[in-house]
Engineer: 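This is the structure I have questions about; it appears just below.
Indexing begins at 1, ligand by ligand and atom by atom, following the structure's order. Bear in mind the structure is a predicted one, so any value in this text is a computation, not a measurement. As a basis for the values below, the full set of heavy atoms in this structure was taken, side chains included, without hydrogen atoms, waters or symmetry mates.
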Amino acid sequence: MCGIIGYNGKKNAIPIVINGLKNLEYRGYDSSGIAYFFKEKIKIIKEKGRISELEKNLDNDMPTLAIGHTRWATHGKPSKVNSHPHMVGEVCLVHNGIIENYLSLKEELIKKGYEFKSETDTEVACALIDSLYKKNRNKIEVLEQIQTLLKGSYALLIMFLDDKETIYALRFGSPLIVATSEIGNFIASDIPAILEYTRKYYLLEEGEIAVISKDKVNFQLQGKEVNKKLLTFEHDISSAKKDGYSHFMLKEIYEQPKVIQNFLDYYLNNIDLIPDISNYEKFILLLVVVLIMLR
Ligand code: GLU
């Protein structure tokens, strides 16, 4: 599982995105990268290894919009060329997840003349969006369409070369939150990435497309704008960090009773947010027992 963060606001986006990626390091990764607009082009800087390797190669640019990524390789080895962001034609993106049907999509795209530099499923998704965008200049319609074509899991942050003002995002299976603040708007795979700037966030639901501008965020679902509930992260910041434990895994194990209590409290206080489960035929309850051997 990798980390994703995008920022669009008033400040220099590079330190904000790098800081956000560092706050997502606990998710594990093997490489990292960042993309931003620079002189009518999109500049991509990426490196294999720790975020500190990426930092060594950063330029002194001051963009106010950027997307960043830490990769946990699933398709292709950890390497600079396989790292995200990827760019094909007019589309640049970062991806968390696995595109299961990428081989058949890749074959079709090769027939259309696309060439691939990396071994990733992500570059295929990027080329697919580019190919659709070449035929239909309506970005929202293209992003609606892509959701019917991609199989698997994805959280995608997307920049279009002809739109310097906006980050687009969508997800299936992999999580994304959209956060708002005085200094601009964020999109990230998890809360710790944005907590230094804001506690106000939206949960992006599957099927929705987030349109993140400097001064507003907007959500589209099946061609219509959706009004979503702005949530507040009420917990202590330390609860999103290691909080004294030496590893996140230990913290997760010891926090299980608290998490279940918080989960129940949250839904009992927000009955309207409980998903409609009346159409499900059966539920499978998995009980995982972890034994810790103490010496
Ligand atoms: N499947 C993509 C890759 O291998 C994304 C992996 C991730 O979630 O970091 O590049």
Side-chain angles (χ1 to χ4, degrees), residues 1-7 17-35 42 44-55 66-89 91-110 114-130 143 146-147 149-159 167-178 186-194 204 206 210 248-249:
M1 194 174 27
C2 67
I4 278 182
I5 175 164
Y7 168 76
V17 164
I18 295 293
N19 190 32
L21 290 179
K22 285 182 180 166
N23 284 328
L24 294 173
E25 276 190 306
Y26 69 90
R27 296 160 71 90
Y29 68 102
D30 53 56
S31 46
S32 60
I34 184 168
I42 292 178
I44 296 177
I45 303 170
K46 48 191 192 178
E47 276 308 322
K48 186 180 152 191
R50 313 293 303 172
I51 295 171
S52 52
E53 296 304 312
L54 174 68
E55 283 182 296
I67 58 175
H69 185 266
T70 45
R71 174 176 189 240
W72 184 309
T74 63
H75 291 64
K77 60 184 178 300
S79 69
K80 184 168 173 168
V81 72
N82 285 336
S83 309
H84 306 207
H86 288 280
M87 178 144 190
V88 181
V91 178
C92 174
L93 57 74
V94 292
H95 165 223
N96 168 205
I98 292 175
I99 309 297
E100 284 163 13
N101 58 337
Y102 84 107
L103 277 178
S104 57
L105 293 171
K106 192 170 184 174
E107 276 170 27
E108 289 303 311
L109 288 160
I110 288 172
Y114 280 92
E115 288 173 8
F116 292 90
K117 296 186 204 119
S118 78
E119 302 157 281
T120 63
D121 49 343
T122 304
E123 196 185 8
V124 174
C126 192
L128 184 60
I129 297 176
D130 183 66
L143 298 181
I146 192 86
Q147 299 182 65
L149 300 174
L150 296 179
K151 306 283 173 248
S153 64
Y154 48 85
L156 293 169
L157 302 195
I158 304 159
M159 291 160 65
I167 301 171
Y168 296 83
L170 54 142
R171 61 169 285 257
F172 189 85
S174 309
L176 280 178
I177 55 146
V178 175
F186 300 82
I187 175 140
S189 35
D190 201 0
I191 297 268
I194 52 94
L204 188 67
E206 289 174 357
F248 269 102
M249 187 177 277

Engineer: Between Glu123 and Lys117 (salt bridge meaning N to carboxylate O under 4.0 Å), is one present in this structure?
Structural biologist: no
Engineer: Any N or O on His75 sitting closer than 3.5 Å to an N or O of ligand 1?
Structural biologist: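 Between His75 and ligand 1 (N or O atoms, distance only) the closest approach is under 3.5 Å.
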Engineer: State which residues pass ring pair (Phe, Tyr, Trp, His ring centres under 6.0 Å) with His69; sequence neighbours excluded, sorted by chain then number.
Structural biologist: His84
Engineer: Heavy atom to atom 10 (O) of ligand 1, shortest distance: which of Arg71, Arg27, His69, Lys77 holds it?
Structural biologist: Arg71
Engineer: Is ligand 1 under 4.0 Å from a heavy atom in the side chain of Thr74, in the backbone, in both, or in neither?
Structural biologist: both
Engineer: For Ile98, is at least one N or O under 3.5 Å away from an N or O on ligand 1?
Structural biologist: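 Looking only at distances, the answer is no, because the N/O contact criterion of under 3.5 Å is not met.
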Engineer: Could you pull out all residues at least two apart from Ser174 that satisfy side chain to side chain donor-acceptor pair (under 3.5 Å)?
Structural biologist: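 Scan of Ser174 (side chain to side chain donor-acceptor pair (under 3.5 Å), adjacent residues dropped) gives none.
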Engineer: Salt bridge or not for Lys48 and Asp30, using N-O below 4.0 Å?
Structural biologist: no
Engineer: Can you list the atoms of ligand 1 that are under 4.0 Å from a heavy atom of Asn96?
Structural biologist: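 So the answer, numbered in order with elements, is 8 (O).
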Engineer: Would you call Lys106-Glu119 a salt bridge at under 4.0 Å N-O?
Structural biologist: no
Engineer: What I want to know is whether Thr120 and ligand 1 share at least one N or O pair that is separated by under 3.5 angstrom.
Structural biologist: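 In fact, backbone or side chain, Thr120 has no N or O that close.
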Engineer: Strictly distance-based, threshold 3.5 Å: is any side-chain N or O of Glu25 a donor or acceptor partner for the main-chain N or O of Leu21?
Structural biologist: no
Engineer: Could a heavy atom of Gly76 be found less than 4.0 Å from some atom of ligand 1?
Structural biologist: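 No; Gly76 lies far enough from ligand 1 that no heavy-atom distance drops under 4.0 Å.
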Engineer: Just jot down the ligand 1 atoms closer than 4.0 angstrom to any heavy atom of Trp72, in number order.
Structural biologist: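 Reading through ligand 1 atom by atom, the close ones are 6 (C), 7 (C), 9 (O).
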